[in-house]
Each structure stands twice: as structure tokens, then as C-alpha cells.
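Input: a single structure, listed below in C-alpha cells.
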Amino acid sequence: MPDTNHGTPTPDPTKGKVGTVMVVGAGISGIQAALDVANSGFKVYLIEKGPAIGGKMSQLDKTFPTNDCSMCILSPKFIECSTNPNISIITGAQIDRIEGEAGNFQITLLQEPRYVDMEKCTGCGTCSEYCPVNILDVYNENLGTLKCIHVSFPQAVPAVSIVDPSQCLFLLREECQICVPTCSNKAIDLHQQEARLKIDVGSIILAPGYETFEPELQSQYGYQRLINVATSLEFERLLSASGPHGGELLRPSDKKPPKKIAWIQCVGSRDLTAGNTYCSAVCCMYAIKQVLLSKEQEPQLEAVIFHNDIRAYGKGFERYYERAKNTPGVRFIWSKVSIIREMPETKNVVLRYRVNGNKVNEEEFDLAVLCVGLTSPSSNRQLADKLSIKTNPSGFCESSVFSPIETNKPGIYTCGVFNGPMDIPDSVTMASGAASFASQFLSDQRGTLIKEKVYPAERDVSGEPPRVGVFVCDCGTNIAKVVNVKRVVEYAKRMRGVKYSVEETFSCSVDSITHMVETIKTQGLNRVVVAACTPRTHEPVFQDALREAGLNPYLLEFCNIREQCALVHMNDKEKATQKAMDLVRMSVGRATLLEPLSQVSYGVTRAALVIGGGISGMVSALALARQGIKVHLIEKSEELGGIARRIPETLEGGDVLAFIGDLISQVYKHLFIQVHTEAELVEFSGYVGNFSSKVKAGKSGTIKDIAHGITIVATGAEEFKPREYLYGEGYRVMTLLDLDHEIKNNREKFRSCNTMVFIQCVGCRDNERPYCSRVCCSHSIMNALKLKRINPEMDIYVLYRDMRTYGFKEDYYRKASDQGVIFTRYDVDNKPEVQAVEEAGQSILRVTVTEPILGQPLMIDADVVCLAAGLVPPVENKALSQMLKVSLNEDGFFMEAHMKLRPVDFTTEGIFMCGTAHSPKFIDESIAQAQAAASRAMGILAQEELKAGGSVCSVNVLKCTGCGMCEAVCPFNAIAVDPEERVAKVNQALCKGCGVCASSCRSGALDVNGVNDEQTLTLIRAIR
Ligand SMILES: Cc1cc2nc3c(=O)[nH]c(=O)nc-3n(C[C@H](O)[C@H](O)[C@H](O)COP(=O)(O)OP(=O)(O)OC[C@H]3O[C@@H](n4cnc5c(N)ncnc54)[C@H](O)[C@@H]3O)c2cc1C
């Protein structure tokens, strides 16, 4: 077994820590962590036990609640990882041994043989064509087959073949080596051995993710016995364009489109018999997504979700749920179900379920989907044992509520589903948070081992006639099943200036990018048109390919034939194809006039402004200060701490007040943090790397000027003040925070309290605020449990709509139920009523709710009624968003740049958000997000200089009259008339290239580079 030292120097204890981080697991969490760590100035080893990076997310079709294509989100990250000179991806590898300690870990990895030389293989697939052995396709959840030597999936990174040793005829019994001579690069080596690699790292991030629950273990669902029972992950593959049926939804038995599908929730979650008591946190939402995607394919489809409360607790989830509820043909049934038989002729399945408590129904479906939960595989426990990391009884990494990312071992951090079931945005956030910890820990080693990415010298294309290359993407079948891509390619070949035109299955896969780079060079292309998806996520990927090929990145023209043709015209293939041809013609016309553009470099102010001194603001301030960044923390009230000052405890029993007390003292003691209380941001200008703010602070209202490179918004949220249920009318009706206060200060009072009623969803999940506040269900349960401890005899009722105790919070829900807390469901159209009734000279607080099983009113005379009022954004958000020029969502919370890809970034570069300013969330989630915001900010602050320019406004000084119209209309304050020269001057760092100035300039002196009048007119003329 060869021993390979993988490149880092052997640590010398006298030299201190190693500036290298090992990330274990390359799902979305590991990938995000690796990118953030590398961008903050460290070398990264990204270790993946499978043959390719991407984890479970690469198997998903689209993601909720935006229905973005998973691979479209992942592939730019794949390419960024694989081309980043500071990230080494090591696949097929696992930790064998770990020695040393935080700062200086010595790791031995075991890497399985791939039987293919990764340096030589181009992933061309010729070997697969000759291989005689068909095996089940694991990536497609065994719903299809592929060859024993294969590339794992179309966009796999590394795009290199692998041999399945358990099926290869040579490796089993030395019978076949057909593949070997088919490889012109001599890459196949069936004698390859396991390798032992040694690496030295300063810190470790664990992101080994999850496995889905195996439903064979639960016979009531007939999985594997009944052919038309599939798991939800199999269903993702059935929906996917790269799935076994090219994205056409066909059921397994007869390959016909199903007309009626049942989704069964909580398979392997919230279930003592399955051994998993926790809630898997994502299944309700992915089932809703699968329903909506299936309905897109088959509008007549009947879809039924059988559930035990719909847990739509995240940002935008409630609206998504409402959308599904209001879709014709979709039913949500609150019931436990079993699959009792298969119809012999049709292979349909019959489900039995109970409605309204006792009535039993049987219903036939073409297909049943088991919404399997997320579990921690035994391999995760073994990994944890090897590293002496503690896990909880369910095998997930154990961490504290106040430090959710740190493990019990210094220098080792955790993120993603290894930490507990969570969705993609939460995984991405936590991954950035883990990167922040690693970066803080190794701060003094930043930049010691990293390399700059080197591009070839840019080719001078001036004077050359246009030689346009057109690359048209199938996007698997997402584009090709509607647009006739071959016709578009042939059409482009006949256009003037086009030298080359080609169809690509996935133009963003690594091999397509490599092909593009080679083609640009070999064909001597000097302009490139990519006809694919959205430039929002993919333009930088192709611009980078142009740079790799020695072309200026602005010689790229991007045209979106997926959203603008395939998706919007999916029912008219001919028109979609015609439109795609039109768009390509327009793009080629414009591309022929594209000119190289350049950028300017400028310095970065290594200071931060954090707005909001609650937990999130303080955590992000400390995370930055610990990396040598000067931080100005501004808080509008007199004290730091925010809303958490009113929350004594967490559901898990964490002492919040002690925690914030400690945090406040750390903040005040830190030399790099300057706290400004009673402070308000009154002016804000500048651009990423160089913002300048005026802050009015203190009782005297002194104005302070602050220069900062980044800004973090951590302005929190407030508890809604109810206007119903007699709140504020002098009765014993209080909100959750009022109750926290009462329990803390007047505990004894509750000993004589006989009956308590909690009413959930007050001021949220309604027409005015159609979002879920995420924390209220668990907070009520926490208080119910506390009250039961104070007075076990107390009758406690929780009137709820859906109990949203996701993840491990489910255990507290069960505990409350076991302790006699009565949970009664109510319907939003039939809300409970609270009345003050006079009876026998006594004032009684009477709550009436319809008992759902009996359908009869239930009257409860309560001593106290607690309203679980939702979280609302502060009214000041509007003014702040206008000052910072960032967006709010329809609910008034700050809006992130991309829900999945950039959950803590604003679209305005250099500004980040965290905590409840983003959306309602728990303390541990706010802490993780605050660390994530700090990590993203360090990506900027760690740089010596930033670049700006390119497609920005330019001024023709000969035409400019200095009238000042451009200055008046520019929304970014990016252009101003120089008082001495009397001509407009552009600040390239501020300019967004929006063109408002150019269209308002009366003397035609302004143009946006790359979108000048001639280029735009050429594009328009090409429509005709
Ligand atoms: C059916 C289904 C649908 C879903 N749909 C959505 C959705 O629409 N939207 C959404 O937000 N979420 C969805 N989710 C949840 C989503 O899959 C997860 O939130 C996300 O993929 C978690 O990523 P991760 O990186 O933490 O874990 P993983 O994706 O599991 O990645 C972990 C990686 O680590 C590797 N690994 C494991 N152990 C080791 C080791 N010892 N050494 C090296 N490598 C190791 C694994 O091979 C894997 O590649 C869905 C889940 C399911 C089951």
C-alpha cells in the first residue's frame, strides 16, 4: 500500500499552527465550507468517501421553496471547487487515523482504488461503451443501470471513470479486461491498490451528512414488495432530467404517467417503532415540492399528502404550502396511514387511513411515495468515535445550543445534517459558520499556504474579424425536451460571424467547460455565445472559462433559453424552438460587437460595521474581531442583548441570560470592538471594501464618522402585539414573552393556577402575515413543561394549527404530551374564542374551541391565556433598507441574494445579514448565521485588494456638458460632475451598469460598457 505525503509541510511544534483545513464530506455543506475557508486565505483538503462531490443534493431534482434546479445551483460550486488552486479534492477517501491536536493534526487517509488514473482519464466514456457488465445505477437510486466502469453522473466532479470492484469481472475472477485497451490515454489500471495518504491540518470541519431511512424496516408500507411504492429520494430521481426516464414522471410497474399519487409523511421519523423519535425537518416541504413539480408535468394529477402536521416553518415555506393547498387536485389529509394491498391487475396500491378520529377510509393510488426521514449512518458514529467526538443518542453530532458549530474537541467543527436534520439553506449557513470558526482558530496562519489562481495572458483580439463560438445547452432534458437544440445549433452555424456551434448535454459540467476552453483555443474563437440558463448563477462560470482560454471575460454573451423558452413555452415546442433561434441570433449579433473590458483594483478598509447589538450582532462582531478586524457595533437601545434579554431559557434548558451576560462582557473587553449604544445610522455611502457611515450615538447624539469595508445587518425582530383574544384589556391574557417574565419573576403565582391555555399562531400564518414564526410552538412547549414542573396538577391546553417542533424539538413535544399537556388542533377558519364571562359574581376567562374529533365546541375556563404571538420585523427596517439600498421581502424581513446559494449575503456586495433580521429563528440558528455572516465578510476583508469595473458606465468627455442630470438620476451615487473639470466622473466600484444615467444623458455622452447603443441596436435589429 503506497504511502503518499499529500503536500503540506510536516508541522514543527515551534512553528505554530498549520494554515490548512480538512473538510470531511463533500455534500453541499462540505463544499460551502471548503469554498469559504479557501476564500478566507487557507488551504483546504476536501475529503469525500464517494466517487464524486455533491452528496445527496446532487440527487435532488429541484429544491423548495424556489424550485431551483439542484444541479444548476451545485455545478457553479463544483467548478469553483475544482478550479480553486487552494482546494484539493480527495475522493474515495476516509480518515484512517488522527494524531496531534488542534492546530497540528496529522491525518492518515485511506483512499480506495478507483482502477482509473485520475490524471489520465478524461471521462470520455469510451470504456463504458465496451464494458459488458451492466450494474444498478446507485446515483439513480437503482432505478436504472449503467456500466461497471462509468462516470458517476453527468456533471460529476471529478469527471473521471470508476470501476465497481464488486461487479467487475476482472476484479472478481480475472475474466475480462475489455475496457483496458479501449482507453487511448492508458488510464485504466485494474491493479491499482488502496493508498494511504498523509496530510497535516490545523483544523477540521465535519460534514458527513446523512442517509435516508430504510423503509424495508417498516412492513406496513410494503416497500420492495409492492412495485409502485417508492421512496421520496427515488421520486426525486424519477422527476429529474438526469434521472432514469429523462425527467418524464413514469411509475415503476408499467412506465406510464401516474394519475393519482399519495405521499406518506414521517416514514422513519417521529416514530418510536422506527427508533427515530426526532422530526426530519425537511420531509413536509420536499413532499410539497414534489407535488407541485408533479402537477407541472401532469396538471390533471390527483395528489394527496398524508401528514401529521405540516411543518412549513422556514422562510417562504408557508406561502409555498398555501400555494400547494390552493392547487386544484391537491389534498392534505391529517392521518396516519398504512398500505394494505396491491391491486393484482393494475399494480395500484390501496391505502387505509383514519379520518376524524374513527372513520376508516380505503383509497386506491397509482403510486405511493414514502417520505423517508434523514438518519445518521453508523459510519458517522465510527467517524465520530475515531475523532473522539460526542454524538447524541440518534447518532448526530452533539453540540451546545450556544455553540452549535463547535464539537467537544477543540479545532474540530461541524455543519450540515451531521449536526441534525436541516434543509439546504440552513446547511449552507452552518457551513459558512464552521468556516468562520476554522478561520478564527487559524487566523495567524491566514495566507501562509495559499496560491493565486494563474490565468494565461489575455489574447489581443483587436482587429480580428469576429469568430463566434455558440454553445447550446440541453440542460439534461430541461431545455432539450422542449427546445429542438439540434435545430438551434444548425441554425447558428449559418449565421454571419459564427465559426463554431455545438450542442452540450450540460454546458456547466466540468468536461463541457474543459471542452469549451479547448475549443476556444483550437478554433481561434474570439467571441462566445452560451445559450443555456440564467446568467445570474452561471455567467461567472463561463466568464472564467474564457479567461482560462486566454480571452477577455467580457467577450461572452449569455442567452437564457431555459427560463425564456423551455420553461415558459413548455406546451409549444415549435414556438419555444423558434424563440430560442431568435434569441441566439440576437446574441450572436451583439457578440460580434463585444469589446474587451478591463477592471480596476482598489484597497479594502479592514473594518466592519455591525448594526444591531443582539446575540447575532455580538457573535458576528466577536468572530471578526478575533481575526484582527476593527468592529463598530451599533445598538439603538441603551444596552446590548436584544430580545434575548427577555428569554430566560431555551427549550433545551440553556441559560440565555448567563450566555448573553458573558457575551456582552467579551464584546466590551475586546480591544477591536467599539460599542456605540443609543446609536442610529444616519448616513451610509460607499461600496464593497470602502463604505463610510455616519452614526448618531449616545445621549448627546454625537455624530461619528465610520469607515468600514463590510456591513452586517443584525437588527432582529420583535414580538407581535396581538389585537385579539382580549389581549391588553386587563385580563390574564399575555404573550409568550410576558409569560416568560411572569414565570421568572412570579413563579409562585402559578402554583395556584388550575388551567392554562396556549393559543398558537397569533398574528402569523394569516392573510396579513402569511408566514410561520418558527419559534412559537417550541416556546409554548418549553413554558408548558416549566409550568408542569411548578404545578404538575395544572391543566394545560395548547390550541394549535400544526405543531412545528422540527428536528430534536420533537422530543419535547412528546414529553409534554406524556406529561398530560392536551394538544387540540384548530382550523384557521374556525379560530378559538376568548371571552370574559361573569358567572356567580366571578369573572371567568372562557376559551371556546371546536374539538376536531367530535366536531363539538370545547369550553375551557382558564386562569391564564397565553398567546403565542409571532415575530414581526421592526418598522425601522424600511428606512434602513432604503439607506443601505438593500431589499426587504414581502413580509418586511431582509432579503438574501439567493435563498440557497447565498443565504446571508445581500445582492449589494459587502453587506450581509444574520439572525431574525433575516427571518424568525432560534438562538442556535442565529448564532450559526452570525458566524456565517462573519465568514462571508472575511472573504472580502481577507483580500488585499478588490476589483471593480467591467460592464460599468463610461463617459465621453468630449460630449459631456456637465449638466448633472446623470448625477441626479443615479440610484447608486456612482456618478458625479467634477466641479473643476465640469464633466461627469464614474466611481467604478459603485456603478452597477444599470444604464439609468446613459438613457437620461441628453448629449449622448454616457454609455454602459458592453451594452452601448450600437450593440443594443444590433441586438434589436436582429429580431426582425
Ligand atoms: C427526498 C429528499 C428531498 C429533499 N429535498 C430538499 C429540498 O428540496 N430543499 C432542501 O433545502 N433540502 C432538501 N432535502 C434535504 C437536503 O438533502 C439536505 O439538507 C442537504 O443535502 C444536506 O447536505 P449535507 O452536505 O449536510 O449532507 P450530504 O448531502 O449527505 O453530504 C455528506 C457527504 O459526506 C460524505 N461522507 C460521509 N461520511 C464521510 C466520511 N467519513 N469521510 C468522507 N466523506 C464522507 C458523503 O458521501 C456525502 O457526499 C431533501 C432530502 C431528501 C431526503
Side-chain angles (χ1 to χ4, degrees), residues 22-34 45-70 73-74 89-96 107 109-112 141 152 204-213 230-237 239-240 263 267-269 280-290 292-293 314-317 320 369-384 386-387 396-397 414-431 434 899-900 903:
M22 175 173 70
V23 179
V24 181
I28 182 62
S29 315
I31 289 175
Q32 185 64 46
Y45 291 107
L46 179 56
I47 313 300
E48 167 56 49
K49 74 172 177 189
I53 65 174
K56 286 284 184 300
M57 187 174 163
S58 62
Q59 288 182 281
L60 306 182
D61 175 35
K62 307 230 165 41
T63 65
F64 62 78
T66 46
N67 287 2
D68 287 311
C69 164
S70 305
I73 293 179
L74 270 176
I89 300 172
I90 306 177
T91 51
Q94 294 195 58
I95 298 177
D96 180 43
I107 311 289
L109 300 172
L110 275 188
Q111 190 177 31
E112 292 167 0
E141 288 292 297
S152 311
I204 300 172
I205 294 176
L206 299 176
Y210 69 98
E211 291 296 339
T212 48
F213 177 74
T231 68
S232 44
L233 200 51
E234 289 167 358
F235 197 77
E236 291 284 335
R237 297 315 303 149
L239 284 171
S240 172
W263 277 264
V267 176
S269 329
S280 287
V282 294
C283 319
C284 291
M285 293 311 296
Y286 73 55
I288 291 174
K289 169 192 75 177
Q290 294 183 348
L292 291 172
L293 294 174
K315 195 173 185 178
F317 291 8
Y320 197 63
V369 181
L370 307 179
C371 297
V372 283
L374 314 188
T375 63
S376 183
S378 55
S379 56
N380 280 5
R381 289 179 203 249
Q382 286 155 16
L383 172 71
K386 210 163 260 178
L387 303 181
F396 294 91
C397 185
T414 150
C415 61
V417 179
F418 181 45
N419 214 57
M422 65 180 77
D423 64 9
I424 293 162
D426 287 350
S427 299
V428 169
T429 302
M430 206 173 182
M899 200 172 246
K900 305 271 161 183

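Note that the structure is predicted; figures quoted are calculated from it, not measured. Indexing begins at 1, ligand by ligand and atom by atom, following the structure's order. Hydrogens, waters and symmetry mates are skipped; everything else that's a heavy atom, side chains included, is used.
- Within the structure, the closest approach of S379 to ligand 1 does not fall below 4.0 Å when heavy atoms are considered.
- A cation-pi arrangement is absent between K289 and Y320, since the terminal nitrogen or guanidinium carbon is not both under 6.0 Å from the aromatic centre and inside a 45° cone about the axis.
- Against a heavy-atom cut-off of under 4.0 Å, S232 is close to the following atoms of ligand 1: 1 (C).
- Counting heavy atoms closer than 4.0 Å to ligand 1, residue K62 contributes backbone atoms (N, CA, C, O) but none from C-beta onward.
- Here CG of L233 is found 12.0 Å from CG of L370. Values are rounded to the nearest 0.5 Å.
- The I47 neighbourhood of ligand 1 comprises atoms 43 (C), 44 (N), with distances under 4.0 Å to a heavy atom of that residue.
- Qualifying side chain to side chain contact (heavy atoms under 4.5 Å, CB included) partners for E112, counting only residues two or more places apart in sequence or in other chains: none.
- In this structure, K900 is part of the shell of residues with a heavy atom less than 4.0 angstrom from ligand 1.
- Distances from atom 45 (C) of ligand 1 to the heavy atoms of K49, Q32, Q59 put K49 nearest.
- Within the listing of ligand 1, atoms 40 (C), 42 (N), 43 (C) sit less than 4.0 angstrom from a heavy atom of V24.
- Taking each of G27, A26, G416, S29 in turn, the one with a heavy atom nearest to atom 24 (P) of ligand 1 proves to be S29.
- Geometrically, K62 does not engage Y286 in a cation-pi contact defined by less than 6.0 Å to the ring centre and at most 45° from the axis.
- Ligand 1 lies nowhere less than 4.0 angstrom from a heavy atom belonging to S58.
- For residues 414-423, the set of pairs meeting the side chain to side chain donor-acceptor pair (under 3.5 Å) definition, not counting sequence neighbours, comprises T414-N419.
- The option with the heavy atom closest to atom 8 (O) of ligand 1, from among K386, M430, K289, is K289.
- Distances shorter than 4.0 angstrom occur between a heavy atom of L374 and an atom of ligand 1.
- By heavy-atom distance, the residue among M422, E234, E211 lying nearest atom 19 (O) of ligand 1 is M422.
- Contact analysis puts P425 in contact with ligand 1, with a non-hydrogen atom separation below 4.0 angstrom.
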